[in-house]
Amino acid sequence: MANFRIENVVASTSLGRELDLKAIALALGGSEYEPEQFPGLIYRIKEPKTAILLFRSGKVVCTGAKQIEAAGIPIKKNPEIEVQNIVATSDLGAPLDLNAVAITLGPGAVEYEPEQFPGLVYRIDEPKVVLLMFGSGKVVCTGARKPADVEKAVEKITAELKANGLLH
């Protein structure tokens with residue numbers, strides 16, 4: 001079983017009705033609504049640390065509906081919440097030679113330009129995620145839709161690196 005830690009989750013839902021963002025901005029102290037800059041209202045909560053984006057269409061992007069209800073915004077019963085992105089971290093437990101990893105994993109799925117960014121970007125098709133690997137052996141997984149995707153991706157890269165003698 002791969003060890004990883006979920007760092008962030010982005011989810012979305014629909015409130016099932018059109019929203020008057022100007023009225024909500026007036027009612028929610030501390031919200032940001034500048035329609036000429038961004039088409040949605042931004043509401044930040046300190047605890048738990050959350051940013052909620054509300055759109056006139058009723059679409060919401062945040063970490064969960066409980067924060068929306070706590071803000072006094074009516075929502076439809078049992079909204080379908082869809083996870084858009086999970087960001088997780090892992091540690092492979094040993095340093096990596098990223099040049100060797102880039103050559104071994106191949107140019108089609110790998111981007112590695114150490115002058116631009118110190119990590120190697122590895123795109124996996126199954127599960128469909130992106131792994132950022134660093135020379136320290138630390139890995140950041142983005143694009144997962146469920147924790148099992150993260151686990152599968154970390155197990156997959158660990159096995160692939162071990163099979164090629166790049167991780168001991």
Side-chain angles (χ1 to χ4, degrees), residues 1-92 105 108-113 116-134 136 138-158:
M1 182 169 178
N3 287 332
F4 62 91
R5 177 178 160 188
I6 294 176
E7 303 291 343
N8 191 29
V9 177
V10 176
S12 66
T13 191
S14 174
L15 300 178
R17 60 187 278 191
E18 202 163 285
L19 301 174
D20 180 346
L21 296 182
K22 192 179 283 188
I24 293 171
L26 291 172
L28 289 177
S31 64
E32 300 170 32
Y33 181 53
E34 298 177 34
E36 56 283 339
Q37 299 293 322
F38 181 71
L41 179 142
I42 303 168
Y43 185 62
R44 290 183 173 85
I45 298 172
K46 290 183 181 174
E47 195 55 45
K49 188 174 180 181
T50 304
I52 299 171
L53 306 176
L54 297 171
F55 297 91
R56 189 171 55 86
S57 66
K59 180 162 175 136
V60 180
V61 178
C62 67
T63 58
K66 285 189 172 40
Q67 289 84 3
I68 297 167
E69 288 178 323
I73 301 165
I75 65 171
K76 69 180 183 181
K77 293 289 182 201
N78 303 316
E80 184 177 322
I81 297 172
E82 183 179 346
V83 173
Q84 301 293 331
N85 183 30
I86 295 175
V87 177
T89 56
S90 185
D91 189 341
L92 300 178
L105 297 180
V110 173
E111 294 174 34
Y112 182 52
E113 297 184 35
Q116 301 293 320
F117 180 68
L120 180 146
V121 179
Y122 182 47
R123 298 180 193 286
I124 299 177
D125 289 330
E126 186 52 45
K128 190 167 176 53
V129 299
V130 175
L131 297 177
L132 306 175
M133 295 187 280
F134 297 90
S136 64
K138 303 267 197 254
V139 177
V140 177
C141 178
T142 66
R145 298 281 181 132
K146 52 189 183 268
D149 291 345
V150 176
E151 183 173 15
K152 187 174 179 183
V154 173
E155 287 173 352
K156 188 173 188 173
I157 193 61
T158 300

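- Pairs of residues two or more places apart, or lying in two chains, that qualify as salt bridge (Lys or Arg N to Asp or Glu O under 4.0 Å) and include a residue from residues 22-38 are Glu32-Arg44.
- One distance of note links CD of Gln84 with OG1 of Thr13; it measures 10.0 Å at 0.5 Å rounding.
- Asp91 has its side chain within reach of Lys138: a pair of non-hydrogen atoms, C-beta onward, lies under 4.5 Å apart.
- If you take CD1 on Ile24 and CG on Leu54, they are separated by 5.5 Å, rounding to the nearest 0.5 Å.
- Of the possible donor and acceptor atoms, one in the side chain of Ser90 sits under 3.5 Å from a partner among the backbone N and O of Asn3.
- Looking only at side-chain heavy atoms (C-beta outward), Val150 and Val129 stay at 4.5 Å or farther from each other.
- Remark: Lys128 pairs with no residue by the salt bridge (Lys or Arg N to Asp or Glu O under 4.0 Å) rule, at least two apart or across chains.
- The local environment of CZ in Arg145 is crowded, with over 12 non-hydrogen atoms from other residues, nucleotides or ligands closer than 6.0 Å.
- Every residue two or more places apart in sequence or in another chain was checked for a salt bridge (Lys or Arg N to Asp or Glu O under 4.0 Å) with Glu113, and none qualifies.
- Between the CG atom in Leu120 and the CE atom in Met133 there is a gap of 4.5 Å [rounded to 0.5 Å].
- Considering only heavy atoms from C-beta on, Tyr43 stays 4.5 Å or farther from Tyr33 through its side chain.
- Judged purely by atom type and a 3.5 angstrom limit, Ser12 has no side-chain atom pairing as donor or acceptor with the backbone of Val60.
- Salt-bridge annotation for Lys152 and Asp149: absent, with no side-chain N of the basic residue lying under 4.0 Å from a carboxylate O of the acidic one.
- One distance of note links CG of Leu132 with SG of Cys141; it measures 9.0 Å at 0.5 Å rounding.
- You'll find the side chain of Ile157 reaches within 4.5 Å of the side chain of Leu105, heavy atoms only.
- Contact record, Phe4 with Ala88: CD1-CB, 4.2 Å, taken as the closest heavy-atom pair.
- Pairing each heavy atom of Arg123 with each of Val130, the nearest pair is NH1-CG2, 3.3 Å.
- In this structure, the side chain of Lys156 does not engage the main chain of Pro127 through any donor-acceptor pair within 3.5 Å.
- The environment of CG in Asp20 is crowded: more than 12 heavy-atom neighbours from other residues, nucleotides or ligands sit within 6.0 Å.
- The shortest heavy-atom contact between Leu131 and Ala153 is CD1-O, 4.1 Å.
- How far CG of Leu28 is from CG of Leu21: 10.5 Å, rounded to the nearest 0.5 Å.
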